[in-house]
Amino acid sequence: MAERIEGVEISHPERVIFADTGLTKAGLARYYQSIAEPMLEESANRPLSLLRLPDGMAGERFFQKHPGKGFPKSIRQMQITESDGEDAAYAYVTDAAGLVAAAQMGTVEFHIWPARRDRLERPDRLVLDLDPDEGLGFDAVRSAALSLRDRLLDLGLSPWAMLSGGKGVHLVVTLRRNLGWDDLKHFARDFAALCAQDEPDRYTVELSKASRKGRIFIDWLRNERGSTAIAPFSVRARPGAPVAAPVGWDELAGIDTARAFGIQAAQERGWAGVARKPQSLTRAMFEALEAALAG
DNA sequence: GCTGGAA
DNA sequence: TTCCAGCAACGCCAC
DNA sequence: GTGGCG
Ligand SMILES: [Mn+2]
Ligand SMILES: [Mn+2]
């Protein structure tokens, strides 16, 4: 029994993707149809990496960034020159049909580049991904997010926040597209290093497992050409089908988990309480970071 | 979920 | 005809 | 150099 959603034929619409919540393939497709407007505001026209689970949570999963043959036309394709100098096809979407078509292909999670298709060498998102060590509670993540926000405000930048749907929080500064990848990476690395320098018991910028006890890894590596981060309003392939949910700063103070919102709540919330004004990383900000860093 | 090559 | 593997990748760092 | 890592 096929079912048509947003013009896309959904095979096995009653297949259960999340056994714990009962969310079916058609339910997931309908979610992406109805969340399309707020989701595409941020994620349209960005190169994508898709996390696909064609047999649901019980089956295998794999990332896919190069759209294969057999991808429908509503999942659009563009050529991007990779670091090895070779051109490769990348997927992006522009409309609800593209999101639904991806769901039909088994996509649960959408991961986005921090740059848009029309100006790939001018990223427009600075992402700081807070990854707590095992055993650290959400209260530590929340206070870290608020603390990093204060630091950014001191520099003259106003980030917004997103619950990852897993254990962490993302801080995002929406950028004017006036700098390149090297500058963005440099800024993100320096900012994270400064946080770790000032509060070494609280933060680390090293991804090595051993060096990471009881601390929060500030993952600044989301800010490189070719890297991706979970898209706002993407469902996560985790128990309970949590959603990566933007939250207002006032609201964050009263939240006690990074997987607070599911598909129903996400649709009701949209971008409420979240401000995404494009901002610039200025020379003065780079110099302030540089001056404060010991090494 | 779909392709392409191997068995 | 059925079976099965592939389906991202990138800098950093410990070894 | 390889491997883990996110
Ligand atoms: Mn490639
Ligand atoms: Mn994370």
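The chains referred to below are lettered A, B, ... by the order of the sequence lines, with proteins before strands, and numbering in each begins at 1.
When the P atom of C:dC10 is taken as reference, atom CZ of A:Phe63 falls 14 Å away, rounded to whole Å. A:Ile17 has its CD1 atom 7 Å from the P atom of B:dG1, to the nearest Å. Remark: P of D:dG3 and CG of A:Leu207 are 17 Å apart, rounded to the nearest angstrom. Look at CZ on A:Arg212: it is 14 Å from P on C:dA14, rounded to the nearest Å. In this structure, the CG atom of A:Leu50 is 14 Å from the P atom of B:dG1, given to the nearest Å. Whole-Å rounding puts the A:Glu134 CD to D:dC5 P distance at 12 Å. Taking atom CZ of residue A:Arg189 and atom C1' of nucleotide C:dC13, one finds them 14 Å apart after rounding to whole Å. Atom P of nucleotide D:dG6 and atom CG of A:Asn223 are separated by 18 Å, given to the nearest angstrom.
At a threshold of 4.0 angstrom between heavy atoms, the contacts of A:Thr228 with the nucleic acid are absent. A:Arg61 comes within contact range of no nucleotide atom at all, as no heavy-atom separation falls under 4.0 Å. Across all strands shown, A:Lys25 has heavy atoms under 4.0 Å from sugar-phosphate atoms exclusively, and none from any base.
Using atom P as the reference point in both C:dG11 and B:dG1, the two lie 34 Å apart (nearest Å). Distance check on atom C1': C:dA9 versus D:dG3 gives 14 Å, rounded to whole Å.
Within the 3.5 Å criterion, the main-chain N or O of A:Trp220 finds a donor-acceptor partner in the side chain of A:Asn223.
In the set B:dG1, D:dG6, C:dA8, the nucleotide with an atom closest to the side chain of A:Met105 is B:dG1. For A:Lys65, whose side chain is taken as the heavy atoms from C-beta onward, the closest listed nucleotide among D:dG6, C:dA8, B:dG1 is C:dA8. With distances taken from any side-chain atom of A:His66 to the nucleotides D:dG6, C:dA9, B:dG1, the minimum falls on C:dA9. Relative to the side chain of A:Glu224, the nucleotides B:dG1, C:dG11, C:dA14 differ in distance, and C:dG11 lies closest. Closest to the side chain of A:Gln104, out of C:dC12, B:dC2, C:dA8, is B:dC2. Here the nucleotide nearest the side chain of A:Lys69, chosen from C:dA8, B:dG1, B:dG4, is B:dG4.
One finds a side-chain N or O of A:Ser83 lying less than 4.0 angstrom from the OP1 or OP2 phosphate oxygen of C:dC10. In terms of phosphate contacts, A:Arg52 brings no side-chain nitrogen or oxygen within less than 4.0 Å of OP1 or OP2 of B:dC2. Contact annotation: A:Ser227 side-chain N/O to C:dG11 OP1/OP2 distance is not under 4.0 Å.
Ion pair A:Arg30/A:Glu3 flagged as a salt bridge, since at least one NZ, NE, NH1 or NH2 atom sits closer than 4.0 Å to an Asp/Glu carboxylate oxygen.
Checked against the 6.0 Å centroid criterion, the rings of A:Tyr31 and A:Phe233 do not qualify as a close aromatic pair. Aromatic ring centres of A:Trp249 and A:Trp160 lie farther apart than the 6.0 Å criterion allows. For A:Tyr90 and A:Trp113, the distance between ring centers is under 6.0 angstrom.
Enclosure of atom CD in A:Glu37 is not indicated, since only 12 or fewer non-hydrogen atoms of other residues, nucleotides or ligands lie within 6.0 angstrom.
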